[in-house]
Amino acid sequence: MKSLVLERKDELRIRDLDPKESLGPADVRIAIKTVGVCGSDVHYYTHGAIGPFVVREPMILGHEAAGIIEEVGSAVQNLKVGDRVCMEPGIPDPQSRASRLGLYNLDPAVRFWATPPVHGVLRPSVVHPAAFTFKLPDNVSYAAGAMVEPLAVGFHAISKARLTPGAIALVTGAGPIGMVTAIAALSAGCARVIVTDVVDEKLAVARKLGPAVMTVNVRSQDLKSIIARETDGWGVDVVFECSGAAEVIADTVHHGCPGGAIVFVGMPVKPVPLDVVIAQTKELRIEHVFRYAHVYPRIVALLGSNQINVDALITDTYAFEDAIEAFDYAVRPKPSSVKIQIELGR
Ligand SMILES: [Zn+2]
């Protein structure tokens, strides 16, 4: 099957590569329709590795996907041929201790698409467990369906924050993950979501997410005084750190209110300092997210009822034939680009 293959660092090809998957009784076969390009895909392309995950053999990229069911296993009850679906890309071992505790995203044995040595889904079809495949309502496009994966990170962060309606949240970093976290915070009933970045074009996209979004360019504006003004000097209820930048991470403890929370979503490239005493004097609750668990059905439902909309985030769409061009663009995108997607089987 014609796939987008990362042969090695810096070398992509569209060529035949068939992962030869067999359909088990609890699996479905899905014809892939839309795949989003993730920062991790781009990083494997430009660096050949993310931390301990090293590309040693040709690997198909892509893990943010939606498609249509073309075959179902004999034991599958909840899905049928022709259903439009999106998929959770990580398959844990159901017997693992993490899975049994409900923390299946933390299963060390999880097999996650486009994480070496597991192939991704920039290819015509994939076999996947029905349990990790979710039917899309008729009014949710494949493009929106392929956004459920990044949205899942934002919604998992909201669960960790234990947000309550009327809260004031700070989202540091207006990249794709900052954007989906802002959408999730709005959907959880935040009265105000302050989104920061250093690039005006990205902040302009963030403002399209809703009237409760306020943006701050931290290069030209003083975030501390803006937070003081917006919160009567108290601080924000929750900081969602989505930049991964060391200086921004260090400032999170200053922005959170007494009894508030910090959720670390962005991943710094190396260890970073944090002033624990300031966090202690405020009894800040510090949470972390790694991917997500148990959020897909809720996000699909919110998209179906039009409570959330991701159209503003899907900024660039390429045909599969132009997938290499899409990746080369993703390496150096325009600052106004948020999510680049690739369409298959048109
Ligand atoms: Zn992703």
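Worth knowing before you read on, the calculation uses all heavy atoms, side chains too, and leaves out hydrogens, waters and symmetry mates. Every value quoted in this text rests on a predicted model; they were computed, and no experiment measured them. Each ligand, and each atom within it, is numbered from 1 in the order the structure gives.
- In this structure, Arg291 satisfies the cation-pi test against Phe112, with its NZ or CZ atom closer than 6.0 Å to the six-membered ring centre and inside 45 degrees of the ring normal.
- The OE1 atom of Glu149, the Zn ion (ligand 1) and the SG atom of Cys38 define an angle of 170° (nearest 10 degrees).
- Distances from the Zn ion (ligand 1) to each N, O or S atom of His63 single out NE2 as the nearest.
- One of the N, O or S atoms belonging to Glu64 lies under 2.8 Å away from the Zn ion (ligand 1).
- Side-chain contact between Arg8 and Val55: absent, with no pair of heavy atoms (C-beta onward) separated by less than 4.5 Å.
- Ile68 places none of its side-chain heavy atoms less than 4.5 Å from the side chain of Val85.
- Ring geometry for Phe327 against Tyr45 counts as perpendicular: the plane angle is over 60°, on a 0 to 90° scale with 30° as the lower cut.
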